[in-house]
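Heads up, the thing below is written out as structure tokens.
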Amino acid sequence: MSLDPPPYLGSLQNNIRQRPIPWDGAARAGTITEAQLAKIRAVDKVKREQRKQVVEGDLDGYRILFVGEPGIPGVLESASKRSDVVQYILVLLSDLLEGVPALAKALFKDANPYQHFLPLLARSNNSEDPIPLLTSTVLTILMANSRDESAATENALPLLLTYLCGLVKNSNDAGLQDIAVMEYSSLLYGQSSRRLFWKQRSETVAPLIEILRKAAGVGGESSASLWSGNTTTRSGGFEGISGGVGLQLLYHVLLVLWQLSFEAEDVGDDLNDEYDIILLYTQLLRLSPKEKTTRLLLSTLYNLLEANPSTLLPTAVLARLPGLLQNVGGRHLTDPDLLEDLEKLKEMLEEYQKTKTTFDEYVAEVQSGHLRWSPPHRHEVFWVENSRKILEFENGEIPRKLADIMKKPWENDKAVLAIACNDIGYLVKEVPEKRYQLEKLGLKARIMELMQDSDETVRWESLRALGGWLKYSFENN
């Protein structure tokens, strides 16, 4: 892998390398063959350069050692009942793949080298058994170094991702999480692997987003506190980052999502729709403790916004990214790539803001799925000039979206319901002949329900909105 292994993995591998294996006894017992023993001894506990020369001089022999060929089982199959030997061979193979890049390609002379390793991923449910973890490391290095995009790799990668996501999701051990995230990073070497990673996003991306939410001080699945600006940065993290998320883990998660952002044209809109990535990254940028995390945040934001300007730039403005970028520019930053991305982001947002209208701002806010008391909501002139346009935009998209927003209870942010009632009230007031369009969406019924809400502001705004309907009902009678 391109990054240094996490301490836990490095320590595990070192302990296994130092264990004495009774190789002669294993050969006498038939656990391994004499030919396999000779190959192992030729590269075991020798200098790197010597090891490289030996393997490069006999790539086919070492391919057969590890994956076998018809009629000749590989050493992992021969020694499958000896856990100590299997562990040792997995560490040795990891070392050889790292030190002899040509070996990864050589293993693919076998049409499907993965068949010899994938069963080891599911070998044990015991979290203390190191074999699945060591196997994931071998598979990661094999895929990353070979850059293979064959059908065999396309079929094996989802299984490896599923194993790694288990480490990220089900472990309270930050060391294991970091190993999994670093292996993700090594695997995202090309478009094919990134698309497979995204295809499994409920397993792969969602747990990474949860780590970032924890770092940003956002609990659960709701972004309401981010939109309302009510995030709580708890102590226990590092240098402003919340929730005890370590700097290295944070950096590696950001690195993986930065790699994924190279597919922004295909995944950017869904990434924002499903995970509020623009808003989350804006908050993380506000808290970012180091240049290296700031660099990844800015670069990812640039990739996403540059590939999806019409949909994501409005969201960035709503998230108050332009003002934050000015503040970031005031930090003592030295990284040239970071400074370049910062300037490109500023220019992109400034250009967008020159052409956007208040109507664009309002539409973007409603489409974001979250409302706040931004200027248009209370601006009489805005509603006089834009109500009909709002009702007719994209064949009624905005009132439909308001109806979707109002269906939710918003227990953690009741202001959203109050604002929606305010907006519906203005639409009925300014375009009364269209109120039946709103009734068909269930908005009148929902507003009547909200008159009984526990929140005083929601009750008041729902009463005001209903007043418009009643006024025109009386006038018609």
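Residue numbers count from 1 along this sequence.
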Regarding [X] and [Y], does a basic nitrogen lie under 4.0 Å from an acidic carboxylate oxygen?
X: K344; Y: E347; result: no
X: E56; Y: K105; result: no
X: E449; Y: R446; result: yes
X: K52; Y: E49; result: no
X: K401; Y: D404; result: no
X: E397; Y: R400; result: no
X: K356; Y: E361; result: yes
X: E98; Y: R48; result: no

With no hydrogens and no angle check, just 3.5 Å: does a side-chain donor-acceptor pair link [X] and [Y]?
X: T357; Y: D360; answer: yes
X: Y8; Y: D173; answer: no
X: D413; Y: H370; answer: yes
X: Q191; Y: E149; answer: no
X: S374; Y: Y362; answer: no

### Query
Do P314 and Y352 touch side chain to side chain, with heavy atoms closer than 4.5 Å?
yes
#### Entry: Nearest non-hydrogen partners of L260 and V267, listed with the distance
O-CG2, 4.1 Å
### Query
Closest heavy-atom contact between V317 and P322?
CA-CD, 4.0 Å
### Message
Please confirm whether the ring centroid of F382 lies under 6.0 Å from the ring centroid of H377.
### Response
no
### Query
Does the separation of the ring centres of Y281 and W258 fall below 6.0 angstrom?
no
### Task
Give the intermediate values and the outcome of side chain to side chain contact (heavy atoms under 4.5 Å, CB included) for residues I390 and V366.
CA-CA 11 Å; I390 286 169; V366 175; over 6 Å; no
### Task
Kindly indicate, with the supporting measurements, whether the criterion side chain to side chain contact (heavy atoms under 4.5 Å, CB included) is fulfilled by Y184 and L208.
CA-CA 11 Å; Y184 279 162; L208 301 183; 4.2 Å; yes
### Message
Among R295, K292, K290, which residue satisfies the salt bridge (Lys or Arg N to Asp or Glu O under 4.0 Å) criterion with D335?
### Response
R295
At what distance, to the nearest 0.5 angstrom, does [atom1] of [X] lie from [atom2] of [Y]?
X: L279; Y: L318; atom1: CG; atom2: CG; result: 9.5 Å
X: L321; Y: Q326; atom1: CG; atom2: CD; result: 10.0 Å
X: S146; Y: L107; atom1: OG; atom2: CG; result: 8.5 Å

### Message
Please determine whether salt bridge (charged side-chain N to carboxylate O under 4.0 Å, His left out) holds for the pair E456 and R459, giving the CA-CA distance in whole Å, both sets of side-chain angles, and the decisive distance to 0.1 Å.
### Response
CA-CA 5 Å; E456 182 180 355; R459 293 198 302 271; 5.2 Å; no
### Task
Please say which of V138, I131, L133 ends up in a side-chain contact (heavy atoms from CB on, under 4.5 Å) with T135.
I131
### Query
When you look at CD of Q353, are more than 12 heavy atoms from neighbouring residues, nucleotides or ligands closer to it than 6.0 Å?
yes
